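Hydrogens, waters and symmetry mates are skipped; everything else that's a heavy atom, side chains included, is used. All chains are named by letter (A, B, ...) in the order of the sequence lines, taking the proteins before the strands, and each is independently numbered beginning at 1. Predicted, not measured: the structure shown is a model, and the values here were computed from it.
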There are 2 protein chains.
Amino acid sequence: MGSTIKDIAKDTNLSLATISKYLNGKNILPENKKIIEESIQRLGYIPNKTAQNLRSKKTNTVCILLPIIGDYFWGSLCSIIEEHLRKYNYSTIISSYNASSGDNTSELQFLLSKQVDGVILIPDSNITDDRASFKLPFLLQKAGIPFVCLDQELSGIPGDFVTSDNRAGAYNATRYLLERGHKRLGIIGGNLSSYTMKERLTGFQNACSEYQIPERNLSVYGGAVSSCAEYLRIMMSLPEHPTAVLILGYDLTLSAIMTLSVLNMQIPKDFSLISFDDDEIFSAFNPPITTVVQNMDEIGRQATELLMKRINGNLDSFPERKMIETTFIIRKSVKVLAD
Amino acid sequence: MGSTIKDIAKDTNLSLATISKYLNGKNILPENKKIIEESIQRLGYIPNKTAQNLRSKKTNTVCILLPIIGDYFWGSLCSIIEEHLRKYNYSTIISSYNASSGDNTSELQFLLSKQVDGVILIPDSNITDDRASFKLPFLLQKAGIPFVCLDQELSGIPGDFVTSDNRAGAYNATRYLLERGHKRLGIIGGNLSSYTMKERLTGFQNACSEYQIPERNLSVYGGAVSSCAEYLRIMMSLPEHPTAVLILGYDLTLSAIMTLSVLNMQIPKDFSLISFDDDEIFSAFNPPITTVVQNMDEIGRQATELLMKRINGNLDSFPERKMIETTFIIRKSVKVLAD
DNA sequence: ATACATAAGCGAAACGTTTTGCCTTATAAC
DNA sequence: GTTATAAGGCAAAACGTTTCGCTTATGTAT
């Protein structure tokens, strides 16, 4: 069915080596080039990547490793990364790993047998917080497979990573509230012990202490989406409740908005709110919600760039920490308070 | 670095062929089996897939082809499918294609050169509605690469596909409304000309005509999320406006809920609503929203199964149309009307 | 005993490339 | 006119497997 380099060689009366040279962009006579191109066209030749990979020991393939399946955020990031890798002539394979297992050897074997050139690791706190030597980061390092980590810094081992600048994002948003006269603030997050959330919390606190807001005027909540509504209700029933809140996550924001509407509190008239993590839908709300947005495309781009660099053997300034700036989108969910 | 089958052969004093037999589960002497296993352990041998692929002309690889990048729904489906394919010992590569191009030859070449065994095609109406012979489905067929299509039926060419039973899902939800005494209904969708949306609309209409609801009591809207709020507002200002609405999509539902809250209409007291497409967040709302949910995991499973069948040369009942039942989750967004 | 099937093992060829080292020819330098 | 230099081409080896055809040993039915 498919024709091979041999067929082209016969067809053109040239040697295998010459055809291979042509395919790899080496110098050959222009006339031969023309002949080869015609022949390729005529015979419908398509290079066989498996053969190329075997011989050259390079697969031009990167594996994205994710811990959980079905997560919207990471799932869509996969296709963004694919797009970027494609520009470098790399293809993407995705695979999931067992984050809770103490031994990721089987995942490593998979990568090794597939001969992937590099890995983009979407971490799970189970993996990053641990310096156990059978977990993915260690195994990858030992095997000499370059990888870059997304979203979270590894704690037991040095490694490149790229993440949103969560701290700055939260800091800016908080300042925005403070500048508009809010003096009692709340922050609502999911699991506040994760790297990402800790960073955001730090940003929030830094801004507050710059404005000398006393601790007692700050209200911090970390917990499940389902209980966020309850928390908000309690918070709002206090006599001196916050006038504004920074909400760390899409789902939480949605839940908060719904809760406020049930409580008959209007945004921003009765209460101000900023969401960390945007979605198209927030701009369609009434009022549209002011948000901090993570630049997913940029995260994908930078992760790709960094990985390419490492794959090409460039170890400059390892380990690199790339912080991607968030964007602050001012819409209409924050009220300006008179002093 | 990595050891090969040759090393094992030397180490065990057996021939390459025997080692290969062992690796492929053929019969060998139990004593040799033991020796080989020890040797593999000791030398840390890992089979080289690129070599296996080259020789056996089988890659155990499926490519998921998607049209757009960054789509949450499809992105997360990718990792679900990966999970299922993994059970069959297949790995997954993802790649995007140009839906608007008239010629997908380059995509085909990619698949051919990668030697993928099959494709899961996430379609774009640009591709399915067209019988142009340079578009993906035709090319795949011509090249003899088995594929199954998700979500949409191909119109120009027979092909397997698996999709949610959109029609039945909408039908059931609509009946639910009708059974609770609603006599004036609305349906709000995105692009109503897409296959998916048409199916849902049909389900809605079928239920309505069964209950002999006159056309004039039905209100149908298809359009962008951004203008849905406006539409709802107008609709609600009519004297005899619908008492309940079926909303075809997550974003639209969110937008509708917000709009209603701004209009000071309470769900379900003043207005009833069912969402097609669920999200965890809907259960956390107040009231929790009654929804029709697509069984993504099942879609992934069935697509995988069907593709495996085709890859193994089983063409029984081609082309197959698999309709995955939706689940109806009754929560509290629908009011029972007195007659 | 003879013939015959079955099981296990072996060496060598094959899969479709890239790479190596050598050879030829043309070009430039002196 | 000789010699150095470079460019392009070629045959063959290599990459790490699987598979083919053959051999030998073992058991089984005639």
Measure CG/B/Leu29 against C1'/D/dT24 and give the value in whole Å, please. 13 Å
Which part of the nucleic acid, if any, lies within reach of B/Asn13 when heavy atoms closer than 4.0 Å are counted: base, sugar-phosphate only, or nothing? sugar-phosphate
Which part of the nucleic acid, if any, lies within reach of A/Lys49 when heavy atoms closer than 4.0 Å are counted: base, sugar-phosphate only, or nothing? nothing
Any base atoms under 4.0 Å from B/Ile19, or only sugar-phosphate, or nothing? Heavy atoms, all strands. nothing
Is the distance from OP1 or OP2 of D/dC10 to the nearest side-chain N or O of A/Lys21 less than 4.0 Å? no
Heavy-atom neighbours of A/Lys58 NZ exceed 12 at 6.0 Å: yes
Among the nucleotides C/dA8, D/dC15, C/dT17, which one has an atom lying closest to any side-chain atom of A/Tyr45? C/dT17
Any side-chain N or O of A/Ser15 under 4.0 Å from OP1/OP2 of D/dC10? yes
Any salt bridge linking A/Arg301 with A/Glu305? Criterion: basic side-chain nitrogen under 4.0 Å from a carboxylate oxygen. no
Can you tell me the distance, in whole Å, between the CD1 atom of B/Ile5 and the P atom of D/dT19? 11 Å
Under-4.0 Å salt bridge between B/Glu37 and B/Lys34: no
Taking any heavy-atom pair under 4.0 Å as a contact, classify A/Tyr22: base, sugar-phosphate, or nothing. nothing
Heavy atoms only, 4.0 Å cut-off, all strands: where does B/Ser20 land among base, sugar-phosphate and nothing? base
Taking only the side-chain heavy atoms of A/Thr4 (C-beta and beyond), determine which of C/dT17, C/dT18, C/dC15 contains the nearest atom. C/dT17
Under 4.0 Å between a side-chain N or O of B/Asn27 and OP1 or OP2 of C/dA8? yes
Looking at D/dT18, D/dC10, D/dC15, which one has an atom nearest to any side-chain atom of A/Ala17? D/dC10
Would you classify A/Leu16 as touching base, sugar-phosphate or nothing, given that sugar-phosphate means primed atoms plus P, OP1 and OP2, and contacts are heavy atoms under 4.0 Å? base
Using a heavy-atom cut-off of under 4.0 Å over every strand shown, decide if A/Ile8 touches base, sugar-phosphate, or nothing. nothing
Is there a side-chain polar atom (N or O) of B/Gln52 under 4.0 Å from OP1 or OP2 of D/dG16? no
Could you state the CG-P distance from A/Leu43 to C/dG16, rounded to the nearest angstrom? 14 Å
Give a yes/no answer on whether the side chain of B/Lys57 brings an N or O atom under 4.0 Å of OP1 or OP2 in C/dG16. yes
Out of C/dC15, D/dT18, D/dG16, which nucleotide sits closest to the side chain of B/Ala51? D/dG16
Less than 4.5 Å apart, any side-chain heavy atom of B/Leu111 and any of B/Leu139? no
Under 3.5 Å, is there any donor-acceptor pair linking the side chain of A/Arg55 to the base of C/dT18? yes
What is the distance, rounded to the nearest whole Å, between atom NZ of A/Lys26 and atom C1' of C/dT17? 13 Å
Between C1' of C/dC10 and CD1 of B/Ile28, the distance in whole Å: 14 Å
Nearest-Å distance for atom pair NZ/P, residues A/Lys10 and C/dG16: 11 Å
Nearest to side-chain heavy atoms of A/Ser56, which nucleotide of C/dT19, D/dT18, D/dC10: C/dT19
So what does B/Leu54 hit on the nucleic acid, given a heavy-atom distance under 4.0 Å: a base, only sugar-phosphate, or nothing? base
Rounded interatomic separation in angstrom, taking CD1 from B/Ile35 and P from C/dA8: 15 Å
Within this structure, what is the NZ-to-P distance between B/Lys6 and D/dT17, rounded to whole angstrom? 10 Å
Output yes when at least one side-chain N/O atom of A/Asn24 is less than 4.0 Å from OP1 or OP2 of C/dT18, else no. yes
Any salt bridge linking B/Lys322 with B/Glu320? Criterion: basic side-chain nitrogen under 4.0 Å from a carboxylate oxygen. yes
A/Ile122 versus A/Asp151: any side-chain heavy-atom pair under 4.5 Å? no
Among the nucleotides C/dT18, C/dG16, D/dC15, which one has an atom lying closest to any side-chain atom of A/Leu23? C/dT18
State plainly whether the residues B/Lys309 and B/Asp160 are in salt-bridge range, i.e. N to O under 4.0 Å. no
